[in-house]
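Heads up: the structure comes next, in structure tokens.
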Amino acid sequence: MPSFNQKIWRLIDKIPAGKVSTYKELARAAGSPNAFRAVGNACSANPNAPKTPCHRVVSSGGKIGGYAHGVERKIRLLASEGIRVADGKVTGFEERLFRYRTL
DNA sequence: CCTGGGGCAGCCG
DNA sequence: ACGGCTGCCCCAG
């Protein structure tokens, strides 16, 4: 029985390269729409840093958000996947957003 | 831009 | 089990 964190990590693993998701979306996909904050916690507590791509998780509206290993690193990782970040936001966020389910 | 309030899992003590 | 604190947050003002 996976804990909340496990569920979150599992969901994050499903995000394909070149796409991004948000804390809010993850919370919704995990079944707790208001647990977006706990999602952020799960990411920082993520045991496998690059393995589980928490760098593909941004804040709502496409804002870059934070990163335990430094936001700089996060931006670089995203850039290497073809995702550009300008002015603290993901360019073309709406199009690059990975949707888990169509409710 | 900044502030305050809300809401939630995890980790102490 | 219980209360208090923390955090890669969100939203309204």
Side-chain angles (χ1 to χ4, degrees):
Chain A
M1 176 77 180
S3 67
F4 182 80
N5 283 15
Q6 280 286 336
K7 276 199 277 187
I8 296 302
W9 297 332
R10 212 175 275 185
L11 288 169
I12 292 177
D13 276 328
K14 295 181 181 162
I15 305 175
K19 293 261 184 176
V20 296
S21 188
T22 70
Y23 301 99
K24 196 173 162 187
E25 278 286 298
L26 282 164
R28 187 176 60 83
S32 306
N34 297 329
F36 34 71
R37 203 164 184 181
V39 171
N41 254 344
C43 286
S44 62
N46 167 12
N48 326 312
K51 212 270 188 172
T52 297
C54 39
H55 58 273
R56 293 180 195 150
V57 184
V58 298
S59 303
S60 73
K63 284 171 299 194
I64 190 60
Y67 193 59
H69 300 280
V71 183
E72 295 295 319
R73 177 83 42 96
K74 181 172 183 177
I75 295 176
R76 240 174 286 152
L77 284 166
L78 288 172
S80 71
E81 295 177 356
I83 298 176
R84 293 195 292 170
V85 177
D87 199 33
K89 282 166 282 184
V90 173
T91 56
F93 164 69
E94 290 290 334
E95 305 161 23
R96 294 176 177 282
L97 178 62
F98 172 69
R99 315 253 177 188
Y100 284 94
R101 300 232 153 146
T102 339
L103 296 182

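Atoms considered below: every heavy atom in the structure, side chains included; atoms not considered: hydrogens, waters and symmetry mates. Just so it is clear: chains get the letters A, B, ... in the order the sequence lines come, proteins before strands, and each one is counted from 1. From a predicted model like this one, the values you see are computed outputs, not experimental measurements.
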Just how far is it from atom CZ of A/Phe98 to atom CG of A/Leu26, taken to the nearest 0.5 Å?
->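 A/Phe98 atom CZ to A/Leu26 atom CG measures 9.5 Å (nearest 0.5 Å).
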When rounded to the nearest 0.5 angstrom, what is the spacing between CG in A/Leu77 and SG in A/Cys54?
->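 Spacing of CG (A/Leu77) from SG (A/Cys54) equals 9.0 Å.
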Considering every strand and a 4.0 Å limit on heavy-atom distances, what is the contact class for [X]: base, sugar-phosphate, or nothing?
X: A/Ser60; result: sugar-phosphate
X: A/Ala35; result: sugar-phosphate
X: A/Lys24; result: sugar-phosphate

Between A/Asn41 and C/dT6, is there a side-chain N or O to OP1/OP2 distance below 4.0 Å?
->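 No.
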OP1, OP2 of C/dC9 versus side-chain N and O of A/Thr22: anything below 4.0 Å?
->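 So the side-chain polar atoms of A/Thr22 never come under 4.0 Å of the phosphate oxygens OP1 or OP2 of C/dC9.
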Counting only N and O atoms by type, is there a donor-acceptor contact under 3.5 Å from the side chain of [X] to the main-chain atoms of [Y]?
X: A/Thr91; Y: A/Arg84; value: yes
X: A/Arg96; Y: A/Ile83; value: no
X: A/Lys74; Y: A/Gly66; value: yes

Spacing of the C1' atoms in C/dG7 and B/dG6 (rounded, Å) |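 Going atom to atom, C1' in each nucleotide, I get 15 Å.
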Mind checking the C1' distance from B/dC1 to C/dG13? Whole angstroms is fine.
->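 My reading of the C1' atoms in B/dC1 and C/dG13 gives 13 Å.
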Using whole Å, what does the distance between atom [atom2] of nucleotide [N] and atom [atom1] of [X] come to?
X: A/Ile12; N: C/dC8; atom1: CD1; atom2: C1'; result: 10 Å
X: A/Ile8; N: B/dC8; atom1: CD1; atom2: C1'; result: 11 Å
X: A/Asn46; N: C/dG7; atom1: CG; atom2: C1'; result: 15 Å
X: A/Lys63; N: B/dC2; atom1: NZ; atom2: P; result: 13 Å
X: A/Asn5; N: C/dC8; atom1: CG; atom2: C1'; result: 13 Å
X: A/Phe4; N: B/dG10; atom1: CZ; atom2: C1'; result: 11 Å
X: A/Arg73; N: C/dC8; atom1: CZ; atom2: P; result: 16 Å
X: A/Ile64; N: C/dC9; atom1: CD1; atom2: P; result: 11 Å

Go through C/dC9, C/dC8, B/dG10 for me and flag the one nearest to the A/Phe36 side chain.
->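 Nearest nucleotide to the side chain: C/dC9.
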Counter-base of B/dG13, judged by Watson-Crick or G-U geometry with both distances under 3.5 Å |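 Check on B/dG13: paired to C/dC2, both distances under 3.5 Å.
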